[in-house]
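Structure first, then comments.
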Amino acid sequence: MQSKRTKIKEALINQENVGKEIIVKGWVRTIRGSKFVNFIALNDGSTIDNIQLVVDVANEKAFELCSKISTGACISCTGILVQSQGKGQSFEIQASEIEIYGTADPEIYPLQKKGHTLEFLREIAHLRPRTNTFGAVLRIRHHMAFAIHKFFNDKGFFYLHAPIITGSDAEGAGEMFKVTTLDFNNVPRNEDKTVNFKEDFFGKATNLTVSGQLESELGAMALSQVYTFGPTFRAENSNTTRHLAEFWMIEPEIAFFDIDDNMDLAEEMLKYLISYAIENCKEDLEFLNKMYDNELLARLDFVVNNSFQRLTYTEGVEILKNAGQKFEYPVDWGTDLQSEHERYLVEKHFKKPVILINYPKQIKAFYMKQNEDGKTVRAMDVLFPGIGEIIGGSQREEDYDKLANRMKEMHIPLEEMYWYLDTRKFGTAPHSGFGLGFERLILFVTGMGNIRDVIPFPRTPMNAEF
RNA sequence: UCCUUGAUAGCUCAGCUGGUUAGAGCACAUGACUGUUAAUCAUGGGGUCCCUGGUUCGAGCCCAGGUCGAGGAGCCA
């Protein structure tokens with residue numbers, strides 16, 4: 001039976017089906033009409049467009065059946081695909097037979113024909129995929145995930161699966177979630193009262209990963225070019241439109257790449273992904289452009305067709321100091337740029353994506369390649385309008401001694417990280433990489449304003465529902 | 001975590017200077033209508049005014065504490 005179903009997307013584009021009997025299945029968006037004829041807008045998620053079912057309800061039986069169908073119900077419909085008599089759609093189905101798979105009591109079904117606020121939809125995240133907006137976002141999200149794999153595969157990268165559970169707590173990218181099977185009511189203790197993790201599942205303290213980068217580097221030191229694409233966890237008490245406790249990250253790592261190669265790859269990748277969306281998610285993007293953000297499509301085009309502005313942190317600081325604008329936080333060489341500073345550079349000064357490199361070493365991670373000036377490291381941040389930092393990366397320090405010294409300065413335990421240091425001890429190589437926040441990419445591509453609305457089931461402080 | 005702001009019908013919101021029985025639109029129910037596009041029209045049902053305490057003759061409204069949401073900041077992707 002399933003094989004006979006025609007997806008609504010195909011029904012709406014395949015002219016050759018006109019005049020033929022087809023079966024469509026999906027969820028009712030609206031039902032309306034009069035005593036003699038009812039109209040059902042049906043959606044099966046294959047496309048944002050609904051197909052209109054025309055149901056003759058002149059006879060008692062059909063009228064009975066239709067009275068059970070309401071917004072949210074799931075039905076199967078057999079009928080002839082015909083040219084529509086009405087305006088608003090070119091094809092419709094003259095229904096001959098309808099089967100109800102599941103009704104949706106209109107008194108309690110939360111989704112209405114009317115628009116809902118995004119805040120309300122977050123509270124019913126189990127049902128929001130059935131809305132136009134989330135259907136569009138989820139389809140785009142899929143296409144972007146696929147495009148990422150395609151981009152790297154076409155370039156000869158290998159997909160490396162970094163572990164989700166990590167035994168290292170020295171990655172230095174934020175607070176971690178603990179992973180344990182210990183009984184909280186009876187925690188084994190050492191003599192000094194500290195927790196005895198030798199009794200735990202792995203025989204040591206473990207956490208959820210905050211980054212796949214270090215493992216990615218291990219892969220790059222053998223396969224030359226690899227990438228990871230997986231979930232990442234940060235136990236920060238962040239309550240913003242740009243942070244999640246569980247998010248997905250793409251981390252390419254490439255041997256023999258310097259910072260310029262790294263910037264080239266980041267820019268090429270972002271442009272590829274955005275182009276891919278423009279080509280493959282047209283209807284969904286047009287919907288989002290119409291409903292939420294009238295400049296979305298223009299902005300996507302602009303990013304694809306213009307080169308990113310590249311400059312050093314030092315140059316950026318100079319621009320900000322000469323901006324003739326009051327900032328809430330002062331601009332000072334050596335301190336990290338605030339959101340308002342990044343905004344100014346991207347949205348006011350250059351009016352295009354910006355890549356900043358060569359940051360002061362004291363505000364960046366231990367593994368970044370140290371420049372000869374002794375003050376800066378070869379870090380790279382890609383800043384996007386409205387999003388801020390969409391990519392953070394760097395050329396890595398490949399010199400064993402320099403890396404080890406920096407780790408000591410930053411109080412990172414060398415013994416625990418022996419495996420990472422081994423890459424520099426045995427056949428070290430210059431290499432670079434970066435991390436792309438998947439949800440931040442989706443934010444930019446969809447024009448949505450809150451990161452909780454571009455992932456199916458967001459995890460944020462005090463929220464792990466569904 | 002800090003700052004700002006909000007919570008009234010299923011949803012979105014109004015509610016005056018503290019004063020009778022808390023309203024509207026949509027949704028829902030019933031009916032009308034021969035092709036509708038968030039259909040239209042008529043009628044109807046629907047409320048723990050977030051919680052706790054206080055002030056007052058009287059609190060949706062004022063005060064205190066709390067809970068939850070949103071926006072901004074920090075941390076970052």
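Note that these values count all heavy atoms, side chains included, but never hydrogens, waters or copies made by symmetry. First the proteins, then the strands, lettered A, B, ... as listed; each starts at 1.
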I want to check one thing: is the phosphate of A39(B), taken as OP1 and OP2, less than 4.0 Å away from some side-chain N or O of Thr30(A)? yes
Indicate, with a heavy-atom threshold strictly under 4.0 Å, whether Gly86(A) touches base, sugar-phosphate, or nothing. base
Mind checking the P distance from G54(B) to A70(B)? Whole angstroms is fine. 32 Å
Using Watson-Crick geometry (N1-N3 plus N6-O4 or O6-N4) or G-U wobble (N1-O2, O6-N3), each under 3.5 Å, G60(B) is paired with none
Rounded to the Å, how far apart are Leu111(A) CG and A38(B) P? 17 Å
Let's test this: given Watson-Crick or G-U wobble pairing with both distances under 3.5 Å, identify the partner of C76(B). none
Interatomic spacing from CG in Asn207(A) to CD1 in Ile165(A) - rounded to 0.5 Å: 10.0 Å
State whether the number of non-hydrogen atoms from other residues, nucleotides or ligands found under 6.0 Å of Met410(A) atom CE is greater than 12. yes
Name the nucleic acid region contacted by Phe39(A), choosing base, sugar-phosphate or nothing; use a 4.0 angstrom heavy-atom cut-off, strictly under. base
Checking all strands, does Gln94(A) fall into the base, sugar-phosphate, or nothing category for heavy-atom contacts under 4.0 angstrom? base
Quick one: Arg32(A) CZ to A39(B) C1', roughly how many Å, whole number? 7 Å
Between Leu296(A) and Thr446(A), which heavy-atom pair has the shortest distance, and what is it? CD2-O, 3.3 Å
Does Lys321(A) count as lying over the ring of Trp333(A), i.e. NZ or CZ under 6.0 Å from the six-ring centre, within 45 degrees of the axis? no
Kindly check if the number of other-residue, nucleotide or ligand heavy atoms within 6.0 Å of NZ (Lys7(A)) is above 12? no
Pick base, sugar-phosphate or nothing for Gly33(A), based on heavy-atom distances below 4.0 Å to the nucleic acid. base
Under 3.5 Å, is there an N or O donor on one side and an acceptor on the other linking the side chain of Asn239(A) and the base of U1(B)? yes
Assess whether one donor atom and one acceptor atom, taken from the side chain of Gln112(A) and the base of G10(B), lie less than 3.5 Å apart. yes
Remember a base hit wins even if backbone is also touched, and classify Ile390(A) as base, sugar-phosphate or nothing at under 4.0 Å, heavy atoms. sugar-phosphate
What nucleic acid atoms does Gln52(A) come within less than 4.0 Å of, heavy atoms only: base, sugar-phosphate, or nothing? base
For A73(B), does either OP1 or OP2 sit under 4.0 Å from a side-chain N or O belonging to Arg242(A)? yes
Filtered N/O pairs between nucleotides 67-70 of chain B and protein, under 3.5 Å:
unit_1, atom_1, unit_2, atom_2, d
A70(B), OP1, Arg122(A), NH1, 3.1
A70(B), OP1, Arg452(A), NH1, 3.2

Assign Glu251(A) to base, sugar-phosphate, or nothing according to its heavy-atom contacts below 4.0 angstrom with the strands shown. nothing
Ring centre gap for Tyr420(A) and Tyr367(A) strictly below 6.0 Å: no
Would you mind classifying the nucleic acid contact of Glu107(A) as base, sugar-phosphate or nothing, using non-hydrogen atoms under 4.0 angstrom? sugar-phosphate
Whether the side chain of Gln89(A) and the base of U36(B) hold a donor-acceptor pair under 3.5 Å is what I'd like checked. yes
Quick check on G35(B): is either OP1 or OP2 less than 4.0 Å from any side-chain nitrogen or oxygen of Ser84(A)? no
Please report the interatomic distance NE2(His341(A)) to CD(Gln325(A)), rounded to the nearest 0.5 Å. 9.0 Å
Centroid distance below 5.5 Å plus an interplanar angle below 30 degrees: do Phe247(A) and A77(B) meet both conditions? yes
Can you tell me the pairing partner of C68(B) across any strand shown, Watson-Crick or G-U wobble, with both distances under 3.5 angstrom? G6(B)
Quiz question: by atom type and distance under 3.5 Å, do the side chains of Lys150(A) and Tyr276(A) form a donor-acceptor pair? no
